[in-house]
Amino acid sequence: MPEPGRWPGGGQGALRSLRVVEVTGPSMVPTLYHGDLLLVQYGARVRAGDVVILRHPFQQDLLVVKRATERRAGGWWVRGDNTFAGGDSTDYGTVPEELVLAVVRARYRPPARGQTSVAAVLGWAASAVRPVRSASSRLRAR
């Protein structure tokens with residue numbers, strides 16, 4: 001994923017900060033599933049509860065998607081929505097602000113293979129594109 005300011009043709013307008021990325025892995029289930037496509041906004045203000053794209057603190061060539069649960073000294077505490085998947089701040093601590101790159105704005109879930117019945121197609125169409133909302137105010141970092 002290119003970073004803001006490194007877009008072909010230059011410019012840093014609001015539309016230039018939007019990108020589409022694909023989810024791989026189970027760490028954000030049930031909010032996001034493997035294969036979901038995300039509309040992300042680089043350089044957006046992060047608020048507690050936002051789903052964000054960040055550079056892994058120990059492998060900075062690896063981009064990950066997590067929920068920013070709480071701002072702490074030294075950066076953001078991030079968690080995966082799937083508590084069994086791991087790979088979040090419980091493993092590596094707070095994430096420095098400069099490693100938090102983008103905020104997820106919307107999710108597109110492609111249709112499942114073999115989804116041919118009218119009911120299945122209508123069910124998919126009703127939930128295929130959704131904004132990714134902040135978590136409940138009850139969400140707290142552990």
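The figures here come from the full heavy-atom set of this structure, side chains too, leaving out hydrogens, waters and symmetry mates. Quantities reported herein were computed from a predicted structural model and do not represent experimental measurements.
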request  = With side-chain contact (heavy atoms from CB on, under 4.5 Å) as the test, would you mind laying out the steps for Arg71 and Glu97 before giving the verdict?
outcome  = CA-CA 9 Å; Arg71 187 184 304 257; Glu97 299 249 0; 2.3 Å; yes
inquiry  = Would you compute the distance between atom CZ of Arg105 and atom CG of Leu39 and round it to the nearest 0.5 angstrom?
reply    = 9.0 Å
request  = May I ask whether Tyr33 and Met28 are part of the same hydrophobic cluster, defined by side-chain heavy atoms of I, L, V, M, F, W, Y residues being less than 4.5 angstrom apart, directly or through others?
outcome  = no
task = Please assess Glu98 against Arg55 for the test salt bridge (charged side-chain N to carboxylate O under 4.0 Å, His left out), listing each intermediate value before the final yes or no.
result = CA-CA 9 Å; Glu98 61 271 12; Arg55 289 191 187 283; over 6 Å; no
ask   = Under 4.5 Å between side-chain heavy atoms, hopping through other hydrophobics if needed: is there a path connecting Leu99 to Val52?
value = yes
message = When you group the ILVMFWY residues by side-chain heavy-atom contacts below 4.5 Å and let the links chain together, are Tyr42 and Val65 in the same group?
response = yes
task = Could you pull out the closest heavy-atom pair between Pro57 and Val95, with the gap in Å?
result = CG-CG2, 4.0 Å
inquiry  = Under a 3.5 Å cutoff, is there a donor and acceptor pairing between the side chains of Asn82 and Ser27?
reply    = no
query = CG/Asp88 to CG/Asp81 distance, rounded to the nearest 0.5 angstrom?
reply = 10.0 Å
inquiry  = Using a 6.0 Å cut-off, check whether atom CZ of Phe58 has over 12 heavy atoms from anything other than its own residue.
reply    = yes
query = Taking C-beta and beyond as the side chain, do Leu101 and Leu63 meet within less than 4.5 Å on heavy atoms?
reply = yes
Shortest non-hydrogen contact from Lys66 toward Val78 = CB-CB, 3.8 Å
ask   = Closest approach of Ala48 and Thr69, non-hydrogen atoms and distance?
value = CB-O, 3.6 Å
key: Closest heavy-atom pair and its distance - Ala44, Val103   = CB-CG2, 3.9 Å
task = State, to 0.1 Å, how close Arg79 and Thr90 come at their nearest heavy-atom pair, and which atoms those are.
result = NH1-CG2, 3.6 Å
task = Kindly compute the distance separating CZ (Arg107) from CG (Leu32), expressed to the nearest 0.5 Å.
result = 7.5 Å
message = Quick check: closest heavy atoms across Gly25 and Val23, and the distance to 0.1 Å?
response = O-CG1, 4.0 Å
ask   = Is there a chain of hydrophobic side chains (I, L, V, M, F, W, Y, each step under 4.5 Å between heavy atoms) that links Trp77 to Tyr92?
value = no
ask   = Which value, rounded to the nearest 0.5 Å, describes the distance between His56 atom NE2 and Asp61 atom CG?
value = 10.0 Å
query = If you round to the nearest 0.5 Å, how far is CZ of Arg72 from OG of Ser89?
reply = 7.5 Å
Sub-4.5 Å side-chain heavy-atom contact between Trp76 and Thr94 = no
ask   = Under 4.5 Å between side-chain heavy atoms, hopping through other hydrophobics if needed: is there a path connecting Leu54 to Leu62?
value = yes
Approximate separation, where rounding is to 0.5 Å, of Gln41 CD and Arg19 CZ = 13.5 Å
query = Within the side chain of Arg67, is there an N or O that forms a donor-acceptor pair under 3.5 Å with the backbone of Gly49?
reply = yes
